[in-house]
Amino acid sequence: MKIDAVTIFPDYFAPLQLSLLGKASDAGIVNFQIHDLRSFASNNHHAVDDTPYGGGAGMVMLPEIWGLALDPLLENDTDLIILTPAGKRFDQKMAAKFSQSTHLVFACGRYEGIDDRVRQHYQREQYASRNIRVHEVSIGDYVLGGGEVASLVMIEAITRLIPGVLGNPDSLSEESHNEDGYLEYPNFTKPAIWRDIAVPEILLSGNHGEIAKWRANEAAKRAEKNL
């Protein structure tokens, strides 16, 4: 999979070189490319924003600069993801869907967001005919300083579903969250007693059938608690 991210803070994406993502990158499973939006600005101060039409607080990111940045990145069969609090809520189903993509482009907005004409432009038929799909996505009902952190959350959730990224692929069969809203059961390790709190006896019994039942029951309790 190829992943591009456009941002005014490229250093935010340094974690992509760490842990499993770094190994996946080194192995050629995922190709990350980070692009500095300011490099497309021709004004003296490399400004990427201006005051909003209609008045109001904050600044809006300029469509012309975003167009210059995105035009060369949008190949045939690309998912363009615009991070915005107004977008569709990201979840495990969406992560699974994006994990089947060949090319993701993350547009990391800042300030009051990206001029909406950027979304409108890339939703035109000329791009749809090239299988370029535009998605407005939010990772939750709260406001962040920009789309970089949200992009990192999505990238980790998506790429771990790509074959070869996880060291142990069996880990995917017992996810903390799955597409049906499953919540993972509580986990324990050694010692059997820690600060007067004992591991549930069933987990020490060796009876794998009963352990499986206990885990399913505990997962169901967690799911009900989080409704």
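Position 1 is the first residue of the sequence; numbering continues from there.
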Donor-acceptor list for residues 81-90 side chains, cut-off 3.5 Å, not counting sequence neighbours:
residue : atom : partner : partner atom : Å
Thr84   : OG1  : Ala86   : N            : 3.1
Arg89   : NH2  : Asp141  : OD1          : 3.3
Arg89   : NH2  : Asp141  : OD2          : 2.6

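Counting heavy atoms of neighbouring residues, nucleotides and ligands inside a 6.0 Å radius, atom CD of Glu201 does not exceed 12 of them.
Among all heavy-atom pairs drawn from Leu204 and Ala192, the shortest one is CD1-CB, 4.5 Å. Looking at every heavy atom in both residues, Met1 comes nearest to Phe98 through CE-O, 3.2 Å. The nearest pair of heavy atoms linking Met94 to Asp91 is N-OD1, 2.9 Å.
Taking the side chain as every heavy atom from C-beta outward, Asp49 and Arg110 never approach each other to under 4.5 Å. Using a 4.5 Å heavy-atom threshold, the side chains of Ile139 and Leu144 count as touching. Counting heavy atoms from C-beta on, the side chains of Leu37 and Met61 come closer than 4.5 Å. The side-chain heavy atoms of Asp79 and Leu104, taken from C-beta on, include a pair separated by under 4.5 Å.
Of the inter-residue distances, the one linking Met154 atom CE with His135 atom NE2 reads 8.5 Å to the nearest 0.5 angstrom. Here the straight-line distance linking atom NE2 of His35 with atom CZ of Phe13 works out to 10.5 Å at 0.5 Å rounding. One finds the CG atom of Leu62 at 14.0 Å from the CZ atom of Phe40 (value rounded to the nearest 0.5 Å). Note: His46 NE2 to Ile65 CD1 = 10.0 Å, rounded to the nearest 0.5 Å. Note that the CG atom of Asp115 and the NE2 atom of His121 stand 12.0 Å from one another [nearest 0.5 Å].
Under the 4.5 Å side-chain heavy-atom criterion for grouping Ile, Leu, Val, Met, Phe, Trp and Tyr, Trp194 is not connected to Ile202 through any hydrophobic cluster. Both Ile158 and Ile34 belong to a single network of hydrophobic side chains, linked directly or stepwise wherever heavy atoms of I, L, V, M, F, W or Y lie under 4.5 Å apart. Hydrophobic clustering, with ILVMFWY side chains joined whenever heavy atoms are under 4.5 angstrom apart, keeps Trp66 apart from Val60. Tyr111 is connected to Tyr142 through a chain of hydrophobic side-chain contacts under 4.5 Å among Ile, Leu, Val, Met, Phe, Trp and Tyr, so both are in one cluster. Hydrophobic clustering (ILVMFWY, side-chain heavy atoms < 4.5 Å, transitive): Met59 and Ile114 are in one cluster.
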Check against side-chain contact (heavy atoms from CB on, under 4.5 Å), Ile3 and Thr159: CA-CA 10 Å; Ile3 297 178; Thr159 55; 3.7 Å; yes

Trace of the side-chain contact (heavy atoms from CB on, under 4.5 Å) decision for Glu75 with Asp4: CA-CA 11 Å; Glu75 307 166 353; Asp4 290 280; 5.8 Å; no

Lys23/Asp26 under salt bridge (charged side-chain N to carboxylate O under 4.0 Å, His left out): CA gap, chis, key distance, verdict: CA-CA 5 Å; Lys23 292 178 181 178; Asp26 292 340; over 6 Å; no

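The pair Glu218-Lys221 meets the salt-bridge criterion, since a charged nitrogen lies less than 4.0 angstrom from a carboxylate oxygen. Residues Arg38 and Asp36 are not paired through a salt bridge, judged by the lack of any N-O separation under 4.0 Å between the basic side chain and the carboxylate. By the 4.0 Å N-to-carboxylate-O rule, Glu184 lies too far from Arg222 to be salt-bridged with it.
A side chain to side chain donor-acceptor pair (under 3.5 Å) with Thr78 is found for one member of His103, Arg130, Arg133, Lys2 and no other, namely His103.
Using bins of under 30°, 30° to 60° and over 60° for the plane-to-plane angle, the ring pair Tyr122/Tyr127 lands in the perpendicular bin.
No donor-acceptor distance shorter than 3.5 angstrom exists from the side chain of Ser19 to the backbone of Leu21, with no hydrogens or angles considered. For Ser25 (side chain) and Gly22 (main-chain N/O), no donor-acceptor pair under 3.5 Å exists by modelled atom type.
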